[in-house]
Amino acid sequence: MNYRDEIIKLRKEKNAIILAHYYQIPEIQDIADYVGDSLGLAQQASQTNADLIVFAGVHFMAETAKILSPETKVVLPDIEAGCSLADSCPPKEFSVFKKKYPGHIVISYINCSAAIKTMSDVICTSGNAKQIVESFSEDQKIIFAPDKNLGAYINNITGRNMILWDGTCEVHDILNTESIINLKIEHPDAKLIAHPECKAQVLELADYIGSTTAMLNFTKTDHTQKYIVATETGILHQMHINSPEKEFIVVPSDETCSCNDCPYMKLNTMEKLYKCMENEIPEIQLDEQTIELAKKPINKMLDISRKLNLIK
Ligand code: 13P
Ligand code: SF4
């Protein structure tokens, strides 16, 4: 079966929109109506008038789409497409943790479950974390969850002292300085660009740190010809499309595996995308109360981002 043609047919028939994260396989990125980072995807999900949102990403992203468009059916090609970072913050434990810090507000990275979002005051993504944190006064006490690497990085660049939940992304946290230093020696003319979910030691070596969209924009406008890329491999597809004359070198996570392919993102295939559109399952379902409570901190993030022109 030609999945591409069938998906295009179904999209029209069902008035569906396909939203894909940059970490999806190239075939899925190429067929999507919108490809973006977590911030862009949340914004798209909040604005669509499609009858079916097909979310080619991971579970927390599809949940976010459902929270923002509760009347619309949201499907995810593989329901097992989770996220180690979201899983590192179980709601029960987080609720106990939160109680230890009275007077603190909670800023949660969007890579968390809907249940964690209901316990948060505002959500952020890697594309707006600095601005969201800085939208609060310097004396505001803050808990930042669930990514300790992103939280430590934001503490570092803002001079804040947020309390950090001890979570990490298995894909970014594994990238090590040794392989990066070796690549830097081998390619002295290359710039290192890194996602803020990487460890502090990796970020210290980086010439540029940003979300997937920010890294992509940087490689488009910067004049260097070669980049060492410390993030998930999926982003290289758009980098090659936008800057075909440039060279992009992925940081290997170790000598034997390409662990910086996110195993959850890569569960989605063209076949699963087709089947989920055809059968309209697996569907994301959330109860009304969760949607109501989780919507507030996400909308707060979108409002702040609009005011600061981070999104339109
Ligand atoms: P972005 O915010 O850059 O899309 O990152 C999402 C993600 O899952 C990173 O691992
Ligand atoms: Fe989660 Fe990391 Fe995969 Fe992003 S790359 S979805 S944070 S496990």
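Just so it is clear, the structure is predicted and the values come from calculations on it, not from any experiment. First listed ligand is number 1; within each ligand, the first listed atom is number 1.
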Check each atom of ligand 1 against the heavy atoms of S211 and keep those under 4.0 Å away; list them by number with element. 3 (O)
Taking only Lys NZ, Arg NE, NH1 and NH2, and the carboxylate oxygens of Asp or Glu, determine whether K130 and E134 approach each other closer than 4.0 Å. yes
K191, NZ: over 12 other non-hydrogen atoms inside 6.0 angstrom: yes
Determine the interplanar angle of the F218 and Y208 rings, folded into 0 to 90°, and report it as parallel if under 30°, tilted if 30 to 60°, perpendicular if over 60°. parallel
Is it the case that atom NZ in K226 sees more than 12 heavy atoms from other parts of the structure closer than 6.0 Å? yes
Starting from atom 10 (O) of ligand 1, which protein heavy atom do you reach first, and at what distance in Å? E197 OE1, 3.0 Å
Atoms in ligand 1 with a heavy atom of T212 nearer than 4.0 Å: 1 (P), 3 (O), 4 (O)
Would E232 count as a contact of ligand 1 if the rule is a heavy atom under 4.0 Å away? no
So which residues get pulled into L293's cluster when ILVMFWY side chains under 4.5 Å apart are joined, directly or through others? none
When distances are taken from atom 8 (O) of ligand 1, the protein heavy atom at minimum range is N111 ND2, 3.2 Å
Answer yes when K300 and D303 have at least one side-chain N-carboxylate O distance shorter than 4.0 Å, and no when they do not. no
Ranked by distance from atom 4 (O) of ligand 1, the top protein heavy atom is H21 NE2, 2.7 Å
All heavy atoms of V251 vs all of L183, minimum pair found to be CA-CD1, 4.0 Å
Hey, are K66 and E63 close enough for a salt bridge, meaning a charged N less than 4.0 Å from a carboxylate O? no
One finds that the ligand 1 atoms under 4.0 Å from a non-hydrogen atom of H195 are 1 (P), 3 (O), 5 (O), 9 (C)
Atoms named by residue and atom, protein N, O or S, within reach of atom 1 (Fe) of ligand 2 (under 2.8 Å): C83 SG
Under a 4.0 Å N-O cut-off, is there an ion pair linking K14 with E280? yes
Atoms in ligand 1 with a heavy atom of H172 nearer than 4.0 Å: 10 (O)
Exceeds 12 heavy-atom contacts within 6.0 angstrom, atom CD of E245: yes
What protein heavy atom sits nearest atom 2 (O) of ligand 1, and how far off is it? S126 OG, 2.6 Å
So is E197 touching ligand 2 or not, going by heavy atoms under 4.0 Å? yes
Starting from atom 6 (C) of ligand 1, which protein heavy atom do you reach first, and at what distance in Å? S38 OG, 3.3 Å
Fit a plane to each ring of W165 and F94, take the angle between them on a 0 to 90° scale, and name the class: parallel (under 30°), tilted (30 to 60°) or perpendicular (over 60°). perpendicular
Quick check: are there more than 12 heavy atoms from other residues, nucleotides or ligands sitting under 6.0 Å from CG of N49? no
Report yes or no: does a heavy atom of Y22 sit under 4.0 Å from some atom of ligand 1? no
